Amino acid sequence: MLELQVIRANPGLIKERLSVKNVAQLQLVDTILELDDRRKALQQQVDSLLNQINTLSKEVGDLFRSGKKEEAEAMRQQSSNIKEQVSALETEAKQTETLLQETLVQLPNLPNVLVPPGKTPDDNEVVATHGEFPDLPMHAKPHWELAVQYNLINFELGTKITGAGFPVYSGKGAKLQRALINFFLNEATAAGYTETMPPHVVNEASAYATGQLPDKEGQMYHVGIDNFYLIPTAEVPLTNLFRDEILKEEDLPVKICGYTPCFRREAGSYGKDVRGLNRLHQFDKVEIVQIQHPDASYSTLNDMVQHVAGLLQKLQLPYRIVRLCGGDMSFASALTYDFEVYSAAQKRWLEVSSVSNFETFQANRLKLRFRDSQTKKNRLLHTLNGSALALPRIVAALLENNQTVNGINIPAVLQPYTGFATIGREA
RNA sequence: GGAGAGAUGGCCGAGUGGUCGAAGGCGCACGCCUGGAAAGUGUGUGUACCCCACAAGGGUACCGAGGGUUCGAAUCCCUCUCUCUCCGCCA
């Protein structure tokens, strides 16, 4: 949620920046300002009337104690009358406030100046490319065929027990998952992130605070009986750990990481590009989160990008880094870098990570602040997060890129974690 | 799931209709004391919104959340949430 003070201070700039994200209803900004003015005016009236009541009440008390019954009675009546005015005004003030909030949450975050204009992924800007495309054997197979051939993943079994998009990993397929999770967690820990195991189910307030609600209601699995949501990413519980907190400046940055499964309904995405591991309803991911001083958050964003790049380099996967255009970035983000690995048999770039700076957008809803040592005032912090990494497409690329006619080679860094160097050759 | 108890400021803990934004203690900050420190001692110490110059000063709200009674509610009533204890069930 954008800060009201910021909108008030410079509505023109807000509109200009929002247009980079292709926000159609720029008049929402004006609506917000009008509602804010109305709210303020109403609140002032209410406050002034309440002040009168408070003053009268004290006098009534004094008069009763000193036995002046008639005067007290008169004042009591007067106070009663004022209260009737108050309740009407209060109702209106509350409605205005609600309306203001509802309008405010409809505005996405402002894009950073680096964000290229554009509407579709075609307008994204490739900022770096790394690694060589592998030479695959003749008749190279896509990962969904390799997964079946080597008994790594059973898509049909998953369909039986749950539905499409819930694969069952077994044998070396399952061990590879566990190896990747451990590898990613160890790397994150080595980089100073504190490992955290959060709940996989969150309440409405948490989903709201990180911006999944009301924007992406239909994308989350909802547990109706308890009004909980299955997490679409560890970002939700990990960031909400700090909801309503006021941190000390010397504790910054806060760095945490966590592995969780992620659940996404992916409503409306049936059809193409969803084969095999390309798009799932449940998948595993290690997430890194940082909470940082506003002055340092962009340098932190770069650190996080470098961390993710390092993982892909160690896994020896060809990748590119893409700066998302205004139309492709998420609602809450100010600047996002996507990582895409090249999956050689499919001949496609697959998104495996998204690293974003949300600036104060999430912190505002979270009420996540720090005490500024200069001004002695509480200020909103910046929140950042990134996938490091999401497993399925990494697995897809590993299987496809490292296939030989005899089997699949495991990258050297993973072998201590898997306990095997190849898939297929010996079994 | 059943029975009972409770939810107060960073923490502990008073407070059952008015003088309570809230005693007292701890913690913290600044000062005094000291060669330095401890002890002692003095002062201060929440959040949000609004007026105003984001100053001084002032107003309003907040004692788990939301409603209600009342001239006036931390205090009375209702609903909800959460925590604790005992029982039941259970990885």
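Predicted, not measured: the structure shown is a model, and the values here were computed from it.
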If I pick the [atom1] atom on [M] and the same atom on [N], what distance separates them, to the nearest angstrom?
{"N": "B:U34", "M": "B:A39", "atom1": "C1'", "result": "11 Å"}
{"N": "B:A56", "M": "B:C51", "atom1": "C1'", "result": "13 Å"}
{"N": "B:G6", "M": "B:A65", "atom1": "C1'", "result": "16 Å"}
{"N": "B:U8", "M": "B:C63", "atom1": "C1'", "result": "4 Å"}
{"N": "B:G18", "M": "B:A74", "atom1": "C1'", "result": "13 Å"}
{"N": "B:A5", "M": "B:C30", "atom1": "P", "result": "47 Å"}
{"N": "B:A7", "M": "B:G64", "atom1": "P", "result": "8 Å"}
{"N": "B:C32", "M": "B:U83", "atom1": "P", "result": "48 Å"}

Tell me: [atom1] of [X] to [atom2] of [N], nearest whole Å?
{"X": "A:K377", "N": "B:A48", "atom1": "NZ", "atom2": "P", "answer": "10 Å"}
{"X": "A:R379", "N": "B:C54", "atom1": "CZ", "atom2": "P", "answer": "17 Å"}
{"X": "A:R243", "N": "B:U47", "atom1": "CZ", "atom2": "P", "answer": "20 Å"}
{"X": "A:D244", "N": "B:A48", "atom1": "CG", "atom2": "C1'", "answer": "12 Å"}
{"X": "A:D62", "N": "B:G18", "atom1": "CG", "atom2": "C1'", "answer": "9 Å"}
{"X": "A:L380", "N": "B:A48", "atom1": "CG", "atom2": "P", "answer": "10 Å"}
{"X": "A:D37", "N": "B:C49", "atom1": "CG", "atom2": "P", "answer": "16 Å"}
{"X": "A:F370", "N": "B:U47", "atom1": "CZ", "atom2": "C1'", "answer": "17 Å"}

Exercise for the section: Check whether any side-chain heavy atom of A:T96 lies under 4.5 Å from a side-chain heavy atom of A:T98, and answer yes or no. Expected result: no
Just name whichever nucleotide pairs with [N], Watson-Crick or G-U, keeping both distances under 3.5 Å, else none.
{"N": "B:U75", "result": "none"}
{"N": "B:G6", "result": "B:C82"}
{"N": "B:A56", "result": "none"}
{"N": "B:U16", "result": "none"}
{"N": "B:C63", "result": "none"}
{"N": "B:G88", "result": "none"}
{"N": "B:C33", "result": "none"}
{"N": "B:A23", "result": "none"}

Exercise for the section: Can you sort out which residues in residues 85-93 of chain A have a heavy atom within less than 4.0 Å of RNA chain B? Ascending by number, please. Expected result: none
Exercise for the section: Ignoring backbone atoms, test whether A:R371 places a side-chain nitrogen or oxygen under 4.0 Å from the OP1 or OP2 oxygen of B:U47. Expected result: yes
Problem - N/O (side chain, A:R369) to phosphate O (OP1/OP2, B:U47) under 4.0 Å - result: no
Practice task
Run the numbers on A:Q212 and A:E217 for side chain to side chain donor-acceptor pair (under 3.5 Å), then give the verdict.
Solution key: CA-CA 7 Å; A:Q212 278 68 31; A:E217 170 103 58; over 6 Å; no
Please enumerate all residues that pass ring-ring contact (aromatic ring centres under 6.0 Å, His included) together with [X], with sequence neighbours excluded.
{"X": "A:Y169", "value": "none"}
{"X": "A:F370", "value": "A:H293"}
{"X": "A:Y417", "value": "A:F183"}
{"X": "A:H200", "value": "none"}

Handout entry: A:S297-A:Q292 side chain donor-acceptor pair, cut-off 3.5 Å
Key = no
Practice task
Return each pair, listed once, that meets salt bridge (Lys or Arg N to Asp or Glu O under 4.0 Å) where at least one residue sits in residues 356-371 of chain A; pairs must be two or more places apart or across chains.
Solution key: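 Sorted pair list comes back empty.
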Problem - Residues that A:T336 engages under side-chain hydrogen bond (donor to acceptor under 3.5 Å, both in side chains), provided they are two or more places apart - result: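 Only A:S333, A:S356 meet the side-chain hydrogen bond (donor to acceptor under 3.5 Å, both in side chains) criterion with A:T336.
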Exercise for the section: Give one of base, sugar-phosphate or nothing for A:R38, where a contact means two heavy atoms less than 4.0 Å apart. Expected result: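 No contact.
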Handout entry: Partner set under salt bridge (charged side-chain N to carboxylate O under 4.0 Å, His left out) for A:K15, not counting sequence neighbours
Key = A:D30
Completion exercise
With sugar-phosphate taken as primed atoms, P, OP1 and OP2 and all else as base, the protein-contact string of nucleotides 58-79 of chain B at under 4.0 Å (heavy atoms; B, S, -) is -BSS-----S--BBS-------
Problem - Salt-bridge criterion met for A:K94 and A:E97 (N-O under 4.0 Å) - result: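 No salt bridge links A:K94 with A:E97.
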